[in-house]
Amino acid sequence: MMKKIIQQLTTSSRVLVASHAKPDGDAIGSLLAMGIALERIGCEVTRYNESAIPAVYRFLPLVDTIQRELTDVAGFDTAVILDCGGLDRVGSAVDAITTIPTIVNIDHHTTNTRFGQYHLVDVNACATSEIIYRLIHAMGLELNVEMATAIYTGILTDTGSFRFSNTNRAAFSICEAMVAIGVNPSAVARHVYGTYSLGRIKLLNLALDSIEISSNGHISIMTVTREMLSDTGTQPEDADGLINYARRIQDVKVAALIHELENGNNVSRGRKRFHVSLRSDGSVDVARIASDFGGGGHAGAAGFSVESSLAELKKTIYSLSEGFRGTCHLN
Ligand code: 5GP
Ligand code: MN
């Protein structure tokens, strides 16, 4: 498949590269590295992401070339979709992107729907950035420090700094190679983890205070409301990573972060829209739980969006522990 994809890309002249809305380090890193690789082989490249790039990733080289608007898709031969379990994960441009003649799907989510004509889906890859590294290598290209920084950041963040269950040998070997090319690990870490605004620290305080736990101690719930964001002057992206505190609690098997979204047009009274992030300690497959709610992800980290009242949603999440028979063992 890798050969066929390289063949498709080398014969394309205008290529769209896009990754999932509300991007994380892997969505941005894989997009930036792929963008440079495509330009190297002579493609005219448009880099697209629906959402604003979180402040902690704005240090990445060429990040300003990512555009949030997609006006005319008629001229693209090929779309390369990165880190998306389903094509709808790109956001509101999904219908426009569907009209692009060839779609290449590169991803590592267990719930990937195999959309598009070409798939490069490896659920054992620690990050989409790992797959992009292998693809760039197979294209016969040398990585420059810009590409290396993007790949390194994608792997560092998706493995939770080499702590999560997706941390594999490739994570270390590729990051070692990226450092050899010139990536500065402490500089990347300072940008990604060491630059909290005061508001973000205040949000952390409110979020920690919101943690509740089920009576059997197996489920923890953290809540981040719109009000908390406005009180602390923070953005939704400032809640990224907070769920790890809820997951660290002793005996917790599944941690949920309920994130109140901006209200949509058609939400009925008393109900709101929420994104729920799920993390497991390795004994429960949260991708299966998220799929049941129309979302997806990985066995150890997944998510979904719902319309509900907050009280009802918490009840639903607490009731999940009855279904923990469908457990798995992550390595
Ligand atoms: P997070 O909880 O940080 O938003 O996402 C955790 C993982 O689940 C990520 O790999 C993300 O791509 C995936 N994920 C989160 N929300 C959704 C969703 O609504 N649909 C799908 N298919 N995957 C999701
Ligand atoms: Mn990823």
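Every value quoted in this text rests on a predicted model; they were computed, and no experiment measured them. Indexing begins at 1, ligand by ligand and atom by atom, following the structure's order. Any value given below was found using the heavy atoms of this structure, including those in side chains, with hydrogens, waters and symmetry copies removed. We count residues from 1, following the sequence as given.
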Contact check: R89 vs ligand 1, nitrogen or oxygen atoms, below 3.5 angstrom: yes
G85 touching ligand 1 at heavy-atom level, < 4.0 angstrom: no
Atom of D26 closest to the Mn ion (ligand 2), considering N, O or S atoms: OD2
Close approach of K22 to ligand 1, heavy atoms, under 4.0 angstrom: no
Protein contact of atom 9 (C) of ligand 1 - nearest heavy atom, named by residue and atom, plus distance: H109 NE2, 3.8 Å
Check: E50/S92 side-chain N/O donor and acceptor closer than 3.5 Å: yes
Flag, side chain of R14 to backbone of E44, donor-acceptor distance under 3.5 Å: no
Chi angles and distances behind the side chain to side chain donor-acceptor pair (under 3.5 Å) call for N112, T110: CA-CA 6 Å; N112 189 282; T110 53; over 6 Å; no
Contacting atoms of ligand 1, where contact means under 4.0 angstrom from a heavy atom of F304: 16 (N), 19 (O)
K314 atom NZ, over 12 foreign heavy atoms within 6.0 Å: yes
I5 CD1 to Q117 CD distance, which is reported to the nearest 0.5 Å: 11.0 Å
Closest protein heavy atom (residue, atom, distance) for atom 4 (O) of ligand 1: H275 NE2, 3.2 Å
Per-atom contacts, ligand 1 versus G297 - under 4.0 Å to a heavy atom: 8 (O), 13 (C), 23 (N)
Any V192 side-chain heavy atom under 4.5 Å of T153 side chain: yes
Atom 8 (O) of ligand 1 - nearest protein heavy atom and its distance: A302 CA, 3.2 Å
Ligand 1 N/O within reach of S277 N/O, cut-off under 3.5 Å: yes
Donor on one side chain, acceptor on other, N166 and H108, under 3.5 Å: no
Closest to atom 13 (C) of ligand 1 among A287, G296, G300 (heavy-atom distance): G296
Shortest protein heavy-atom distance from atom 7 (C) of ligand 1, along with the residue and atom involved: A301 O, 3.5 Å
P236 side chain near R226 side chain, heavy-atom distance below 4.5 Å: yes
CA sep, side-chain torsions, deciding dist, call: D83, H20, side chain to side chain donor-acceptor pair (under 3.5 Å): CA-CA 6 Å; D83 208 35; H20 63 79; 3.0 Å; yes
Heavy atom of the protein closest to atom 3 (O) of ligand 1 (residue, atom name, distance): R279 NH2, 2.9 Å
Residue D158, metal the Mn ion (ligand 2), N/O/S under 2.8 Å: yes
Polar side-chain atom of N168 near backbone of N124 as donor-acceptor pair, under 3.5 Å: yes
Side-chain touch S280/V286, heavy atoms, less than 4.5 angstrom: yes
Heteroatom proximity flag, L278 to ligand 1, N/O under 3.5 Å: no
Contact check, G86 vs ligand 1, heavy-atom distance below 4.0 Å: no
Under 4.0 Å to a heavy atom of H298 - the qualifying atoms of ligand 1, by number: 10 (O)
H108 N/O/S atom closer than 2.8 Å to the Mn ion (ligand 2): yes
D83 N/O/S atom closer than 2.8 Å to the Mn ion (ligand 2): yes
Over 12 foreign heavy atoms within 6.0 Å of NE2, H137: no
